[in-house]
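Every heavy atom of this structure was used, including side-chain atoms; hydrogens, water molecules and symmetry mates were not. Just so you know, ligand 1 is whichever comes first in the structure, and atom 1 is the first atom listed for that ligand. Please read all numbers here as calculations on a predicted model, not as lab measurements.
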Amino acid sequence: MPRHPAEPWRIKMVEPLRTITRDQRQQALQEAGYNITLLRSEDVYIDLYTDSGTNAMSDRQWAAMMSGDEAYAGARSFYRLEAAVREHYGYEHLIPTHQGRGAENILSRILIRPGHHVPGNMYFTTTRAHQELNGATFHDVIIDEAHDPSCDHPFKGDVDLVKLDRLIRDVGPDRIPYVSVAATVNMAGGQPISLANLTQVHELAHHHGILVILDAARAVENAWFIKQREKGWHEHSVAAILREICARTDGAAMSAKKDSYANIGGWLALRDPYLAEQAQGLVVLYEGLHTYGGMAGRDMEAIAVGIAESVQDENIRARIDQVAYLGQQLIGAELPLVQPLGGHAVCIDAAATLPHIPREEFPAQTLAAALYLDSGVRAAERGAVSAGRDPATGENRYPRLELIRLTIPRRVYTRSHMDLVADSAIHVHKQRDRLTSGLAFTHEPETLRFFQARFAPTTPNSALNHPA
Ligand code: F0G
């Protein structure tokens with residue numbers, strides 16, 4: 001066997017990349033209000049902002065797109081997607097949506113009432129925002145280890161059953177419509193939940209008549225970790241493990257822009273026909289008729305093929321290997337990373353990198369800006385800016401994890417790109433003492449502020465304002 005088994009695909013089409021000078025990046029960063037989200041993508045060299053919708057599709061997916069049925073009602077492409085979800089995820093009722101958050105909206109509207117409480121294994125930005133918009137309070141019931149970047153627990157996505165049980169007792173099962181279980185946990189750095197833990201969550205929730213709803217965006221990646229790390233599952237295929245994960249849940253919200261190698265799309269799936277009918281009624285209002293839900297027929301075709309590709313062991317292995325390849329280089333250079341390495345991203349602990357910058361000056365946002373300035377690599381901020389303010393108190397939330405996320409799009413970049421990213425991240429790390437101050441808001445939107453916020457360096461002589 002070669003040291004690193006090669007990717008199980010070759011490249012048929014390429015997209016040229018543009019490089020710009022450091023002075024041009026300096027200007028682009030200023031124009032973007034030091035928010036990497038507001039950069040134009042053509043000013044970015046290697047874009048690791050997200051793995052969402054940034055996938056390279058296969059020739060099979062492109063071919064399937066040509067056979068998309070664009071009928072308004074009852075499109076053949078819907079039934080193909082429904083069959084793929086039934087086969088690989090095992091849910092009976094499928095409600096298509098334009099992307100994951102469309103499914104979160106419908107789900108939250110049918111299940112949540114004001115005064116409800118939703119426990120989950122750490123929050124995700126849009127997921128929690130929809131829960132809160134519908135009047136619920138979110139409760140993080142993930143194990144404590146998930147909040148410690150250096151802890152190498154193999155299943156940092158596990159739910160703390162004591163915390164979950166306590167919440168059920170405190171507020172009463174009637175006020176908990178469902179447990180929101182993510183696999184993997186994005187905000188913890190792509191950390192998996194174990195099947196053993198999910199089984200216990202399912203038993204505890206069902207004992208109290210509470211549903212379990214899966215965030216399935218990266219459940220295939222989670223299945224791979226179960227195969228690698230959980231006793232008794234090594235001989236099972238990723239496809240079989242994925243079905244086992246879903247079997248322990250009552251439904252799922254899916255962003256097909258992740259695991260399924262698509263550029264857009266999503267779905268909500270439910271086992272209960274009564275709930276499914278309610279969701280089908282609402283999807284018409286917010287997304288589109290219940291057989292397209294905001295997607296073109298061709299999008300549903302691409303997802304149906306993508307689902308089947310995503311569960312092939314060699315594809316998911318190559319995916320996780322690439323993340324590990326980048327991560328190992330950074331570990332070798334002693335960068336403080338979230339351990340163990342996650343499924344979709346390598347996360348750098350910005351609070352540990354820049355301990356001299358107070359949390360109020362957003363070390364992760366600052367580090368992401370510095371990395372872009374150095375090489376044109378765009379990471380994502382996953383710390384206090386993403387966490388927003390507490391809706392009750394209006395105070396900034398300061399999660400223990402203050403990270404920048406180097407998120408790897410699927411089948412898009414090569415090992416040389418990863419080498420370049422590693423070199424730049426290591427270079428910025430070595431020069432971290434030059435970053436003596438952070439950033440402050442000059443504009444702070446009310447909802448999901450990290451997308452549109454603008455910042456300025458807190459000191460005029462900030463390294464973010466200087467040539468290399
Ligand atoms: N759930 C998780 C775990 C996600 O990571 C995302 C999106 C969503 C739901 C929402 O899905 O984008 O299709 O509406 N995550 C992207 C990211 C945006 O960069 O992490 P969507």
* Short N/O distance, under 3.5 Å, between Arg101 and ligand 1? -> yes
* To do: Decide whether an N or O pair under 3.5 Å exists between Arg405 and ligand 1.
  => yes
* Structure fact -> Checking Leu406, Asp259, Asn186, Ile320 against His344 for side-chain contact (heavy atoms from CB on, under 4.5 Å), the one that qualifies is Asn186
When you measure from [atom] to every protein heavy atom, which one gives the shortest distance, and what is it?
atom: atom 10 (C) of ligand 1; result: Thr126 OG1, 3.6 Å
atom: atom 8 (C) of ligand 1; result: Phe124 CE2, 3.5 Å
atom: atom 9 (C) of ligand 1; result: Glu104 OE2, 3.1 Å
atom: atom 1 (N) of ligand 1; result: Asp215 OD2, 2.5 Å

* Asked: Salt bridge between Lys163 and Asp144, side-chain N to carboxylate O under 4.0 Å?
  -> yes
Between [X] (side chain only) and [Y] (backbone N and O only), is there a donor and an acceptor less than 3.5 Å apart?
X: Asp313; Y: Ser237; result: no
X: Thr407; Y: Asp51; result: no
X: Arg76; Y: Ser67; result: yes

* Asked: Does Arg382 have a heavy atom less than 4.0 Å from any atom of ligand 1?
  -> yes
* Work out whether the distance between some heavy atom of Met187 and some atom of ligand 1 is less than 4.0 Å. => no
* **Shortest non-hydrogen contact between Gln329 and Asp419, atoms and distance** => NE2-OD1, 2.8 Å
* Asked: Is the NZ or CZ atom of Arg359 positioned over Tyr398's six-membered ring, under 6.0 angstrom from the centre and within 45° of the axis?
  -> no
* To do: Is it possible for you to check whether Arg382 lies under 6.0 Å from the centre of the six-membered ring of Phe450, through NZ or CZ, and within 45° of that ring's axis?
  => yes
Which option, [options], owns the non-hydrogen atom nearest [atom]?
atom: atom 5 (O) of ligand 1; options: Asp51, Asn105, Thr184, Asn186; value: Asn186
atom: atom 11 (O) of ligand 1; options: His344, Gln99, Lys258; value: Lys258
atom: atom 13 (O) of ligand 1; options: Ser255, Gly265, Ser386; value: Ser255

* Let me see the working for Asp158 and His153 under side-chain hydrogen bond (donor to acceptor under 3.5 Å, both in side chains), right down to the final yes or no. => CA-CA 10 Å; Asp158 277 359; His153 189 293; 4.9 Å; no
Which atoms of ligand 1 sit under 4.0 Å from any heavy atom of [X]?
X: Ser52; value: 12 (O), 16 (C)
X: Gly100; value: 11 (O), 13 (O), 14 (O), 21 (P)
X: Lys257; value: 13 (O)
X: Thr50; value: 16 (C), 17 (C), 19 (O)
X: Arg218; value: 3 (C), 4 (C), 5 (O), 20 (O)

* To do: Tell me, with the steps shown, if His98 and Asp299 meet side-chain hydrogen bond (donor to acceptor under 3.5 Å, both in side chains).
  => CA-CA 9 Å; His98 76 285; Asp299 298 330; over 6 Å; no
